[in-house]
Amino acid sequence: MLNKSPAVELIDVWFKYLSNSDYVLKGLSIVINRGTSIAIMGANGSGKTTLLKHIVGLLKPQRGVVKVFGIDVQVMGFQELTKYVGFIPQNPNYMFFAPSIRDELIITLKNFKYPDKCIKDRIERIAESIGIGSLLNEDPSTLSYGQLRLASIAIALSHDPEVVVIDEPTMGLDKRYREALARIIRQLVESNKTVIASSHDVEFVSKAFNEVAILNEGRITAYGSLSEVLYDYMELVRARLTTPTVPKLFSELRKCFNALNKPISVEEFLSIAMERLGDGHGCCRASD
Amino acid sequence: MAMGVVEQAIRGVYEGFIYRVEEADALLYKVDPRAKLIYMVIALIAISIVNKLLGQALLFCYIVSLILAGYHVRKFIEAVKPIALTLLFLITLLVVTHVALLKEPLIYSTLNATSTALRIANISLLLIAVLSTSSPEDIAQTLVKFGTPFKQAYLFSLTIRFVPTVARDILNAHDYFKIRGFRVKWGLNVLEGVKQLSYMLTSVTKVLLERVVNVAEALEARCFGLRERTFYRDLKMCKRDVVFIALNTAILTVILLINARLVP
């Protein structure tokens, strides 16, 4: 039985950067349960990264409270918080300094006081689950952006945090790495970890996440399952987001399919379509 | 503690310089950059000549009032907060050093330390006030008008332009390292502190070198340096600028005279 207690809570959070005249977060509130994966979607400059930085403790709310596992982050302290929350930044270049990925992982694990005898095993396990086994002895400066991104994920997950925060997970990644990342996120959720990410990529979100929140003008304006939120076109338009193709197409053809499930990805759509065609319902008539 | 102060100081530089992008409706933004540069040189000479606490305090009050009169006040106060913390730390450090190493009386040490800290504050505030209220393009043109070859002048202005970028890079690297469990503590284990700091500096240096290559490539792609270029907006000095220099020079001279007549 998976625990569905709140992992992260943001209550009436207000935040403004010094160089901005307006608030970026304006009374934002959201509760994210343990064992869920949620994609925060919003237009450029809507405050997605600011929201994520509050969860990892890099920014402090000017008003409101951020709680991780029920404890106020300010009370918990940054050092304690890093044990529970792993962060994968947009630009992985800032993270690397050691001669190899293995050394990066060793140093991180030592920072989190992992016993020396367990470090080797832990590195092998994490490298295997992320799929970077062959990169462990490579110099980070020789790796491609996608490989660095996977390595940064391995570093963030190395100390086994309960909450994983990813800023723009698919930025600069090709199909192969996106699929690898989607698989990693699904695995994390299966092991009851909480994954929170900011993303614009509807296709990726539909494959990797089970919940979506729309961030618009500093507030969460929609939050729920993929089919609830991505079929809410008005909200997507208001948040200046691209309307996803499959929900749009499915809504148009709904009366032909008469299906209960709302598909998000092309694969789900095709599966429903094929099922209906197989049932002998055929395609829509012109009169429909 | 020390790392926290350094972080705050870098944050102050970042916040101080990032305002350059905003054209505020205030005196320091309107004065010709050449007038500001001349004033800055005179003020820097005054700061280095003044050798008494009261003299430095007068200079401090004068620079702060100039900034408050001609700068974006609210944002200036926000930017100065981290610098104030750094100054407090510096005063404490200097007092401890004087008392412990030079065996000086506490009052004498405190006065000396405050004077040194004020001198550093005066220089920092002056640089921020002058450089962050002129666009890099105008600074380049100012240097060219003063006879600096175009390439050098442009590279200097590029350096100013990248101050907030470098500060942001350092802060980003620092944030991401903190999340990975790095703690730069200077306590008893200084070597461990240096080691942890070197990790972060390696990463920052790498990112900065990449940035240098990117900027160089971007300049080459635009045939930088192949021929002399003109500027989009030609700087022109007006009466206001001359008055600005004259008035400020007069005030600085008065402060220098007061300093010279003070009891040592």
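Letters go in sequence order (proteins before strands), and every chain restarts at 1. Keep in mind that this is a model prediction, so the values were computed, not measured. All values below come from the heavy atoms of this structure, side chains included, with hydrogens, waters and symmetry mates left out.
Rounded to the nearest 0.5 angstrom, B:Asn172 CG and A:Asn93 CG are separated by 11.5 Å.
If you measure heavy-atom distances from A:Ile107 to chain B, the contacts under 4.5 Å come from the side chain alone. Proximity to chain B (any heavy atom under 4.5 Å) is shown, for A:Phe87, by both the backbone and the side chain. With a 4.5 Å cut-off on non-hydrogen atoms, A:Lys83 does not touch chain B at all.
Other residues, nucleotides and ligands contribute over 12 non-hydrogen atoms within 6.0 Å of the CZ atom of A:Phe204. Environment of CD in A:Glu138: crowded, with over 12 heavy atoms of neighbouring residues, nucleotides or ligands closer than 6.0 Å. Counting non-hydrogen atoms of neighbouring residues, nucleotides and ligands closer than 6.0 angstrom, the CZ atom of B:Arg211 exceeds 12 such neighbours.
When all heavy atoms of A:Leu58 and B:Ile179 are compared, the pair lying nearest together is CD1-CD1, 3.5 Å. Across all non-hydrogen atoms, the minimal contact from B:Tyr176 to A:Asn91 is CE1-O, 4.4 Å. For the residue pair A:Tyr94 and B:Ser203, the shortest heavy atom distance occurs at O-OG, 2.5 Å. Here the closest heavy-atom approach between residue A:Asn111 and residue B:Arg180 is recorded as ND2-O, 3.2 Å.
By number of non-hydrogen pairs under 4.5 angstrom with chain A, the leading residue of B:Leu201, B:Thr205, B:Asp169 is B:Asp169.
Cation-pi check for B:Lys206 over A:Phe96 is not met; the charged atom does not lie both under 6.0 angstrom from the ring centroid and within 45 degrees of its normal.
Ring geometry, B:Phe177 versus A:Phe97: the interplanar angle falls from 30° to 60°, so the pair is classed tilted.
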